[in-house]
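I have placed the structure first, in the form of structure tokens, so that the comments after it can refer back to it.
Only heavy atoms go into these numbers, but all of them, side chains included; no hydrogens, no water, no symmetry mates. Bear in mind the structure is a predicted one, so any value in this text is a computation, not a measurement.
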Amino acid sequence: MDLKSNEPFWLLKNGLIATYPSLKSDENCDVLIIGGGITGSLIAHQMIKDGYETILIDKRELCNGSTSATTSMLQYEIDVPLYELTEIIGEKGAVASYKACSDAIDTIEKLAGKIRSGAGFKHKKSLYFASKKKDAEWLKKEYEARKKAGFEVKWLSADQILEKFGFENTYGGILSKQGASIDAFQFAHELFKHNIRKGLRIFDKTEMTEVEYHKGFNRVTVDSGFQIRAKKIIYCIGYESKTLLKENFVNLKSTYAVVSEVDKDKFKNITSTLVWNTDDPYLYMRTTDDGRLLIGGGDEDFYDAEKRDAILNKKEKEILKNLKKIKPDYHFYPDFVWAGTFGETKDGLPYIGEHPKFRNSYFVLGFGGNGITFSVTGMEMSSLFMKGKKHLLSQYFKFGR
């Protein structure tokens, strides 16, 4: 499955950061991580930190799947509003899920500092505005739910949004204190480099073809014919889990993104703010650390990469047309446009946990707009799994829920 198209901005911006050998011998380890994107890098970091002998494999070069196509907006807000999620899974689970994403942003900041990351982590506020008059009513309900849960939020009127951000044709919105952005492609590579020095072994262009389950260990065969004996396997394969797991647990979507030419002065009023709206699919935007504006949206059901890529030009025009609604006098100069594939679950939550058909195994599958922050929660959950313990959110993120 092709997860990106037309050379995503992050891939072009960073170039080929690192390459790794393919597997050329039989190996043994405590933990085998399958998937070398941002999720795999975070889980590998946790496993090395916990003292496990760890191997990671990826069928591509590292981070060349959906990690190269992500917009890397780090939000505590889940795609399903807090008040709606409360109705679905109860207040305890809903608030805990939102707080886990909030805590994840702080964890990434600390981790970026620890490894002296150059991936441009920046703490930002988040503006979630009503794009239609009828949306303002439920958005105010969402504001009250977040305020009750203890999040630092403020309601802005349409006039206040216009004055502060220069956005027209809005109907009020929630300004949250918590949010951030980062170059996830670069950050993942930095984590890999950091942990290789601590013993992590990486093999890219190495695809799992078969797994044999034994008591206390699994034996994985890869496309070169060599085998890895691992006590545990952790799958960090994101949306490609659809090809491995047969149940219908996630819907694949195509999303589109456009990045402008560099113009720091033009975007200075939202340099420190993530922006998204109540449209379905919603429009979202952020600035990059090199002074560009990144805008995304136009989500559609994913059928195949060829059909997704064929409408890139159409989607670029659609996104910029939506931008014109809130910035009528603004001219956007596109530099890059690309498409990526992501997964959407009914409750907006990830799937992190064990699966009955995969022994000695664990899945960390972050979906929706919170894939990265959910993966950070997956670090703690994976650590507990290795110790035979459960996490508070295990019951809400489990398969078959």
Side-chain angles (χ1 to χ4, degrees), residues 1-4 7-8 10-70 72 111-112 114-119 182-211 218-241 244 362 364 366 371-372 375 378-379 382:
M1 186 184 297
D2 183 15
L3 293 178
K4 62 181 179 58
E7 298 305 325
W10 308 112
L11 199 56
L12 293 169
K13 174 178 177 284
N14 293 295
L16 187 62
I17 293 178
T19 59
Y20 298 90
S22 58
L23 187 67
K24 299 180 179 69
S25 61
D26 293 337
E27 300 288 345
N28 294 279
C29 61
D30 295 322
V31 183
L32 172 63
I33 297 172
I34 299 176
I38 182 64
T39 302
S41 73
L42 290 164
I43 302 306
H45 179 79
Q46 185 66 51
M47 293 300 106
I48 292 294
K49 180 182 177 183
D50 289 349
Y52 298 110
E53 188 177 354
T54 307
I55 292 175
L56 181 143
I57 65 172
D58 193 292
K59 68 180 183 180
R60 304 180 181 87
E61 292 184 336
L62 295 192
C63 304
N64 270 33
S66 55
T67 296
S68 67
T70 177
S72 299
L111 186 52
K114 180 180 180 181
I115 67 172
R116 298 180 180 178
S117 168
I182 196 170
D183 178 342
F185 181 89
Q186 183 178 341
F187 185 56
H189 274 289
E190 291 171 338
L191 280 172
F192 287 132
K193 184 177 180 181
H194 174 81
N195 286 294
I196 283 172
R197 292 196 292 263
K198 296 179 178 293
L200 175 65
R201 287 179 283 162
I202 295 175
F203 302 97
D204 66 9
K205 295 179 286 292
T206 298
E207 185 174 5
M208 176 192 76
T209 57
E210 185 182 359
V211 182
N218 293 342
R219 182 175 283 114
V220 173
T221 303
V222 302
D223 51 357
S224 60
F226 294 107
Q227 296 183 326
I228 302 171
R229 175 177 165 141
K231 293 177 184 176
K232 302 289 184 183
I233 298 174
I234 302 181
Y235 292 92
C236 302
I237 54 177
Y239 320 122
E240 291 191 296
S241 56
L244 189 65
Y362 201 73
V364 182
I372 298 174
S375 296
M379 294 169 68
S382 298

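The two residues Leu56 and Gly40 come nearest to each other via the heavy atoms CD1-O, 3.7 Å. Considering every non-hydrogen atom in both Gln46 and Met379, the closest pair reads CG-O, 3.3 Å. Annotation for Asp204 and Arg60: closest pair CB-O, 3.2 Å, computed over non-hydrogen atoms. For the pair Ile33 and Cys236, the tightest heavy-atom approach, listed with the atom from each and the gap, is CG2-SG, 3.9 Å. For the residue pair Val364 and Ser382, the shortest heavy atom distance occurs at CG2-OG, 3.4 Å. The nearest pair of heavy atoms linking Leu62 to His189 is O-NE2, 3.6 Å.
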Next on the checklist: Show, in sequence, the C-alpha distance, side-chain angles and deciding distance for Ile43 and Val31, and conclude whether the side chain to side chain contact (heavy atoms under 4.5 Å, CB included) test is met.
Outcome noted: CA-CA 10 Å; Ile43 302 306; Val31 183; over 6 Å; no
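A perpendicular orientation is assigned to the rings of Tyr20 and Phe192, their planes being inclined by more than 60° (bins at 30° and 60°).
Side-chain atoms of Asn218 do not come within 3.5 Å of backbone N or O of Ala230 as any donor-acceptor pair. Proximity of a side-chain donor or acceptor of Thr67 to a complementary backbone N or O of Ile38 within less than 3.5 Å is detected. With hydrogens and angles disregarded, a donor-acceptor distance shorter than 3.5 Å links the side chain of Thr54 to the backbone of Tyr52. Checked by atom type and distance alone, the side chain of Thr39 never pairs as donor or acceptor with a backbone atom of Ser375 at under 3.5 Å. At least one donor-acceptor pair closer than 3.5 Å links the side chain of Thr206 to the backbone N or O of Leu23. Between the side chain of Ser241 and the backbone N or O of Ile237, no donor-acceptor pair lies under 3.5 Å.
Within the model, atoms CZ of Phe203 and OG of Ser25 stand 6.0 Å from one another, a figure rounded to the nearest 0.5 Å. A distance of 11.5 Å separates NZ in Lys205 from CG in Asp223, rounded to the nearest 0.5 Å. How far CE of Met47 is from NZ of Lys232: 11.5 Å, rounded to the nearest 0.5 Å. Atom CD1 of Ile55 and atom CD1 of Ile233 lie 11.5 Å apart (nearest 0.5 Å). Distance check: Leu191 CG to Cys63 SG gives 9.0 Å after rounding to the nearest 0.5 Å. The CD atom of Gln227 sits 5.5 Å away from the CG atom of Asp26 when rounded to the nearest 0.5 Å.
For Thr209 and Glu207, the side-chain atoms include no donor-acceptor pair closer than 3.5 Å.
Counting only residues at least two apart or on different chains, the salt bridge (Lys or Arg N to Asp or Glu O under 4.0 Å) pairs with a member in residues 40-54 are Asp50-Lys387, Glu53-Arg201.
The shortest distance between side-chain heavy atoms of Ile17 and Lys193 does not fall below 4.5 Å.
Not counting sequence neighbours, the partners of Asp183 by the side-chain contact (heavy atoms from CB on, under 4.5 Å) test are Trp10, Lys13, Asn14, Ala119, Phe185, Gln186.
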